[in-house]
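Beneath this line is the structure, given in structure tokens, with notes to follow.
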Amino acid sequence: MANVLKVTNPATGELIQEVRINSEEEINQALKNGHEAFNKWRKVNAHERSRLLQKWSGIVQDHKEEIAKIMTLENGKPLAESRGEVDYATSYIDWYAEEAKRTYGRTIPANTESKRIIISRQPVGLVAAITPWNFPAAMMTRKAAPALAAGCTFIVKPAVETPLTTMRLVELAYEAGIPKDVLQYVNARGSVIGDIFTKSEYVRKISFTGSTPIGKQLIKNSADTVKHVTMELGGHAPLIVAEDADLDFAVQQTILTKYRNAGQTCVCANRIIVHENIVDSFSEKLAEAVKKLKVGNGLEPDTQVGPIINEKGYEKVAAQIQDAIDKGAEVLAGNQFNVNKEQGYFFVYPTVLKNVSTDADIMQEETFGPVAPIVSFKTLEEAVEIANSTPYGLAAYFFTNDYRTGTYFHDHLDFGIIGWNDGGPSGAHVPFGGMKESGLGREGSIEGIEPYLETKYLSIGNL
Ligand code: SIN
């Protein structure tokens, strides 16, 4: 296999850049360097680490247009979304620049006069991260910023589809004064990097965003050296629309969560569960709005929905649509494609499917595409049963203005992130992560720095 990654534009199939793949020796050397740098970085005081992070964030903002363009070129998302992602990415650096100063310990009253008890926090060590192509900037900073803030060193392997955004972000960190061995990237294929990272004696923590099967493998492999793990894995978000919901608002928020990044997000609504008395009007309104979305090259200013990342992704989305239709679904919008396999681009037009069978694959498996399958429910219990019926537990959404209905949904939905009349609950200030097979740990907010810290307890006796 060639030792370069061919990074292509998913909107055109054109080659953007060839990126050299690092050898196993180079990666192991980088891990050793990161491990050795840890003993210096952990001693840099928290205020100085905070200052360096703030500087990095400022420099990234100064290069916002450049990074947004790189991101749109390699990922395909509309330029406006890429600009938004640069802001989202820097918001994590800003947040953890502050949190660096707040990794508080505590004292505990002792059970005898001759002792004092002190609890302190210390960084876990070298962190190895594997980040996805769907948010090449924000998923990297969401891990790197709390790691560096806590005093850990950090090495990231970006997705093979989108390494360029990460490479640029790391270069800008060096401009900000973050030492080279403290923050590093390596380029490698997914099939080899997991083993290298998990086998390394230098790595103390693995942080991964990606699919559930790969996450499970990384957890298993991390067991041999008992590494810390944070896993942000697959999702299959239900979006429930109750009978009393404000339909226009619910439609607008459904579009926000479902068609952002062409439906290629872990938290996007994947199953639209609508009360039987309003399912017709909701579905028509959604289909009408979806037909107006402009599909195209993300570099064109009016594009709202970009391409699917690659052929494998497209095949999965197209197969799920066909399977749903074969099992009786009605197409209200979409089921159209602009695909050129030779050139290498794959556009799926925003699709709305009604009367989807709960047996359809799309109701069981993550889609990662711009397809909204609608099913109806009669009772709140039934809505919850459908919503909780998969192994996933990342995000869920519901729309109601009735506080009893909302409280019922909140209490019974087994998901880490819940949007009540809110299709966009993400942010650096909130804990992001899933239950069940959607992952372990949380990223963002005060919870997001915890996985990078160990607790150390000191008992002072003979006083
Ligand atoms: C994801 O889909 O993996 C992340 C989306 C977000 O942070 O909002």
Side-chain angles (χ1 to χ4, degrees), residues 71 75-78 80-96 129-146 156 158-159 161-162 165-166 169 190 207-215 218 230-239 253-271 305-306 308-309 313 316-317 365-371 390 392-397 415-419 422-445 447-448:
M71 209 186 311
N75 165 287
K77 67 178 69 184
E81 285 191 31
S82 296
R83 290 189 187 108
E85 190 180 332
V86 177
D87 290 341
Y88 187 34
T90 53
S91 74
Y92 282 102
I93 309 178
D94 295 340
W95 179 272
Y96 288 107
I130 303 175
T131 52
W133 50 263
N134 63 342
F135 290 89
M139 298 305 103
M140 185 273 200
T141 59
R142 180 148 97 182
K143 298 176 191 306
V156 57
E161 294 85 354
T162 57
T165 304
T166 300
L169 287 173
S207 181
F208 173 67
T209 296
S211 75
T212 295
I214 294 182
L218 290 169
T230 294
M231 295 284 145
E232 203 267 89
L233 307 178
H236 200 3
L239 183 151
Q253 294 290 300
T254 303
I255 289 175
L256 172 75
T257 160
K258 178 69 255 187
Y259 299 101
R260 167 186 178 219
N261 205 12
Q264 302 171 107
T265 74
C266 307
V267 285
C268 73
N270 233 40
R271 297 169 290 149
V305 179
I308 297 294
I309 190 75
K316 181 173 187 195
V317 179
E365 293 164 19
E366 191 171 30
T367 304
F368 251 58
V371 188
T390 76
Y392 299 104
L394 185 57
Y397 307 86
F415 293 83
I417 303 164
I418 297 197
D422 184 4
S426 301
H429 53 294
V430 294
F432 186 106
M435 297 180 182
K436 292 156 66 178
E437 294 189 19
S438 285
L440 290 172
R442 295 293 180 269
E443 296 185 308
S445 190
E447 282 90 345

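All ligand and atom numbering here is 1-based and tracks the order in the structure. All values reported here derive from a predicted model rather than from experimental measurement. Sequential numbering from 1 along the given sequence is applied to the chain's residues.
- No side-chain donor-acceptor contact under 3.5 Å links K258 to the backbone of P370.
- Atoms of ligand 1 lying under 4.0 Å from any heavy atom of E232, numbered from 1 in the order shown and given with element: 3 (O).
- A cation-pi arrangement, defined by a distance under 6.0 Å to the six-membered ring centre and an angle within 45 degrees of its axis, is absent between K143 and Y92.
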Would T162 and N75 count as a side-chain hydrogen bond (donor to acceptor under 3.5 Å, both in side chains) here? Give the steps. CA-CA 6 Å; T162 57; N75 165 287; over 6 Å; no
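- Judged by the shortest distance from any of its heavy atoms, M139 lies inside the 4.0 Å radius around the atoms of ligand 1.
- Aromatic ring pairs are classed by plane angle as parallel below 30°, tilted from 30° to 60° and perpendicular above 60°; the pair Y88 and F135 is perpendicular.
- R260 places no side-chain N or O within donor-acceptor distance of the main-chain N or O of I255, the cut-off being under 3.5 Å.
- Of all protein heavy atoms, the one lying nearest to atom 5 (C) of ligand 1 is F135 CE1, 3.6 Å.
- No N or O atom of T265 sits closer than 3.5 Å to an N or O atom of ligand 1.
- Under 4.0 angstrom from ligand 1, the non-hydrogen atoms of S426 all belong to its side chain.
- Among T265, T209, I309, the single residue meeting the side-chain contact (heavy atoms from CB on, under 4.5 Å) criterion with P132 is T209.
- By the 4.0 Å heavy-atom criterion, R260 is counted among the residues contacting ligand 1.
- Ranking the protein heavy atoms by distance from atom 7 (O) of ligand 1 puts Y88 OH, 2.6 Å first.
- Of all protein heavy atoms, the one closest to atom 3 (O) of ligand 1 is C266 SG, 3.1 Å.
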